[in-house]
There are 2 protein chains.
Amino acid sequence: MSGWQPVRRTRAFEDVIARIEERIAGDGLTVGDRLPGERQLAEQLQVSRSSVREAMRVLETLGVVSSQVGRGPDAGAVLTARPAGALTDLLRFHLGLASLSLEEVIDARLMIEQWSAARAAGHGADLSALSDALERMDRAATAEDFVEHDTAFHVAIAEASGNRLIAAMMRSLRDSVRRYAIEAVERLGDTGGLMTDHHLIRQAIASGNPSEASAAVETHLRRAYPDIFRAPVTSGPPGADDRGRGEDQARSEDRGRADG
Amino acid sequence: MSGWQPVRRTRAFEDVIARIEERIAGDGLTVGDRLPGERQLAEQLQVSRSSVREAMRVLETLGVVSSQVGRGPDAGAVLTARPAGALTDLLRFHLGLASLSLEEVIDARLMIEQWSAARAAGHGADLSALSDALERMDRAATAEDFVEHDTAFHVAIAEASGNRLIAAMMRSLRDSVRRYAIEAVERLGDTGGLMTDHHLIRQAIASGNPSEASAAVETHLRRAYPDIFRAPVTSGPPGADDRGRGEDQARSEDRGRADG
DNA sequence: GACCACAGTATGGTCTGACCATATCGAGTC
DNA sequence: GACTCGATATGGTCAGACCATACTGTGGTC
């Protein structure tokens with residue numbers, strides 16, 4: 001009687017999630033469809049309404065459903081497609097927990113943005129969103145305002161790549177580090193250099209030059225985050241020495257906090 | 001009396017999440033720390049235990065806490081750092097909902113993997129995990145087995161880049177398309193070509209040649225997913241014509257999956 | 001003293017039933 | 001036709017109970 005695998009206890013709400021996922025993947029359900037009400041779902045799946053609600057919270061967190069109170073066609077739980085919100089929350093929390101560092105996030109942003117810019121330059125993409133964002137940045141009065149339209153500019157680049165996953169990642173990366181971006185702009189004081197970069201990026205994409213677009217993006221991020229890109233980015237990421245462990249090994253014995 | 005912004009109703013569990021996030025970001029809590037019990041938290045925050053539980057489900061989904069029943073040091077809700085699990089669920093659901101296509105996911109994987117391989121080649125990374133995975137792939141009897149160690153190989157490349165966010169993304173991308181990867185291997189029949197690619201990738205990284213590593217990765221993915229990379233990847237992503245819309249506009253009219 | 005059996009207890013997991021807030025629907029009225 | 005107002009269906013919240021689990025401490029046994 002040994003060697004038995006400790007069967008992972010399945011919780012009721014996990015069953016509910018699995019059943020809903022079955023319906024989505026198996027047949028039928030797609031974005032815009034409504035799920036049964038919580039009470040009805042509870043009765044159908046023979047669980048309590050509490051368990052159904054916990055399942056709904058999970059699905060809502062994943063950006064898969066959206067719940068509306070009241071009555072009518074829009075009420076209830078509706079299948080949606082909002083991957084970016086979940087990613088943003090995830091990044092924000094894990095930045096706070098220091099299970100991700102700002103360096104890693106900015107570094108990932110450089111990867112995504114270089115790739116997006118090169119991809120956008122490779123095919124004739126609609127760049128009107130870029131131009132709009134540039135104009136709005138010119139008229140921005142505060143750092144918050146500037147960063148808002150700056151984010152729109154960079155997200156537009158990712159969207160111009162044509163890959164929605166990449167675009168969602170870009171949006172989340174920007175949203176999760178919003179306050180750091182505002183600090184960076186305030187620290188720089190003058191946004192003239194950033195705007196010069198922006199126009200160079202736009203021109204490179206418009207003229208269909210992928211490598212030039214990629215280079216312009218790198219120049220831009222180096223200017224915005226000089227502290228993070230002290231060393232050449234192509235010769236090693238920040239803190240590459242003690243990494244490479246599985247994510248589950250992070251435990252309290254090896255945490256080193258900066259505060260007192 | 002017009003122009004009022006419809007104040008977004010705050011739900012009780014959202015308050016709970018916000019309070020916990022405050023504690024994390026503000027001061028104190030890091031990975032390994034325990035949160036108060038659900039009953040205690042409910043009393044402290046003046047909400048019902050149900051609301052606390054819904055908040056816990058959200059945090060658990062984001063990979064921020066892990067709940068254990070029973071008693072003792074490990075019981076209760078403990079702060080963790082598991083970003084990959086949340087990403088995997090997110091990708092799986094949104095693939096099912098067709099708010100993301102397999103093409104986009106594979107495309108993102110190419111981006112991440114080329115970047116990781118180049119980065120790993122740029123600095124002397126520990127490649128023993130790569131060698132282990134290669135050996136295990138040689139001994140694999142089934143497609144499932146092969147894909148498992150193949151995933152380990154490619155995740156190890158991402159981990160060798162030193163960026164935990166990138167590594168988490170790689171792991172999630174692979175886990176979420178696991179069944180497609182198995183299908184691809186079964187369709188290929190012979191894994192000899194894939195293994196040749198693997199050794200070339202490893203050699204390029206070991207010899208510190210970033211561009212060669214990047215090229216080897218592209219060759220590999222083109223072999224594994226010939227249908228997806230019909231056109232040269234540098235000249236435009238799949239389905240780039242009708243994209244670039246906001247994520248919320250994704251509707252069912254434009255989904256096109258690759259499998260049968 | 002070392003070991004073991006068992007009651008105690010704190011934890012999350014689940015269920016029930018109730019009530020509230022909101023938004024639509026629909027019958028009735030002007 | 002336009003308006004009023006109750007009926008109703010929905011999610012949101014709460015209180016209280018019970019269960020399963022797993023550690024803790026106590027006391028007995030050897």
Side-chain angles (χ1 to χ4, degrees), chain A residues 1 4-20 29 32-80 82 85 252, chain B residues 4-20 29 32-80 82 85:
Chain A
M1 281 293 184
W4 280 35
Q5 201 64 18
V7 183
R8 203 175 85 76
R9 175 180 39 101
T10 51
R11 297 176 282 187
F13 77 90
E14 292 174 326
D15 276 343
V16 176
I17 295 174
R19 297 288 287 272
I20 293 176
L29 301 193
D33 290 347
R34 278 180 59 182
L35 293 179
E38 295 179 354
R39 294 166 179 84
Q40 191 179 340
L41 215 43
E43 191 185 13
Q44 285 179 12
L45 304 181
Q46 288 291 294
V47 296
S48 72
R49 199 181 150 208
S50 325
S51 297
V52 171
R53 282 185 62 77
E54 294 188 17
M56 290 316 220
R57 290 294 84 77
V58 172
L59 294 176
E60 205 174 291
T61 303
L62 291 173
V64 168
V65 309
S66 167
S67 294
Q68 296 294 327
V69 295
R71 195 180 155 165
D74 286 348
V78 181
L79 286 174
T80 56
R82 309 172 146 272
S252 52
Chain B
W4 280 34
Q5 202 64 17
V7 184
R8 204 176 83 75
R9 179 178 38 98
T10 335
R11 296 177 283 187
F13 78 89
E14 293 174 325
D15 276 342
V16 176
I17 294 173
R19 297 288 288 272
I20 293 176
L29 303 191
D33 290 348
R34 279 181 58 182
L35 293 179
E38 294 179 355
R39 293 166 179 85
Q40 191 179 340
L41 215 43
E43 192 185 12
Q44 285 178 11
L45 303 181
Q46 288 291 293
V47 296
S48 73
R49 197 179 152 210
S50 322
S51 298
V52 171
R53 281 185 62 77
E54 293 189 19
M56 291 315 221
R57 288 294 84 76
V58 171
L59 295 176
E60 204 174 292
T61 302
L62 292 173
V64 168
V65 309
S66 168
S67 294
Q68 296 295 327
V69 297
R71 197 180 156 167
D74 285 348
V78 181
L79 286 174
T80 56
R82 309 170 144 273

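Convention: sequence-line order gives letters A, B, ...; per-chain numbering from 1. Keep in mind it's a predicted model, so treat the numbers as computed, not measured.
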Whole angstrom value for the distance that separates [atom2] of [N] from [atom1] of [X]:
| X | N | atom1 | atom2 | value |
| --- | --- | --- | --- | --- |
| A:Asp74 | D:dT10 | CG | C1' | 12 Å |
| A:Arg53 | C:dC15 | CZ | P | 15 Å |
| A:Glu54 | C:dG12 | CD | C1' | 10 Å |
| A:Phe13 | C:dT14 | CZ | C1' | 12 Å |
| A:Leu41 | D:dG11 | CG | P | 9 Å |
| A:Met56 | D:dG11 | CE | C1' | 10 Å |
| A:Glu38 | C:dT16 | CD | P | 15 Å |
| A:Gln68 | C:dA21 | CD | P | 19 Å |

Fill in the blank from the handout: Result for 5'-nearest mapping on DNA chain D, choosing between A:Ser50 and A:Gly70, is A:Gly70
Handout entry: Sugar-phosphate only, base, or nothing, as touched by A:Ala75 at under 4.0 Å among non-hydrogen atoms
Key = nothing
Practice task
Under 4.0 Å between any heavy atoms, over every strand shown, what does A:Gly72 touch: base, sugar-phosphate, or nothing? Just pick one.
Solution key: sugar-phosphate
Does [X] place a side-chain N or O at less than 4.0 Å from the phosphate oxygens OP1/OP2 of [N]?
| X | N | answer |
| --- | --- | --- |
| A:Arg71 | C:dC25 | no |
| B:Arg49 | C:dG13 | no |
| A:Arg39 | D:dT10 | no |
| B:Ser51 | D:dC14 | yes |

Handout entry: Minimum heavy-atom distance between A:Thr80 and A:Ser66, given as atom pair plus value
Key = CG2-CB, 3.5 Å
Problem - Heavy-atom closest contact (A:Met56 atom, A:Leu41 atom, distance) - result: CE-CD2, 4.3 Å
Practice task
Give the C-alpha distance, both sets of side-chain angles, the deciding distance and a yes or no for salt bridge (charged side-chain N to carboxylate O under 4.0 Å, His left out) between B:Glu54 and B:Arg57.
Solution key: CA-CA 5 Å; B:Glu54 293 189 19; B:Arg57 288 294 84 76; over 6 Å; no
Practice task
Could you tell me whether A:Gln44 atom CD has more than 12 heavy atoms of other residues or ligands within 6.0 Å of it?
Solution key: yes
Completion exercise
Assert: residue with more 5' nearest nucleotide on DNA chain C, out of A:Ser48 and A:Pro73, is A:Ser48
Exercise for the section: Without swapping roles, check the side chain of B:Arg34 against the backbone of B:Ala75 for a donor-acceptor pair under 3.5 Å. Expected result: yes
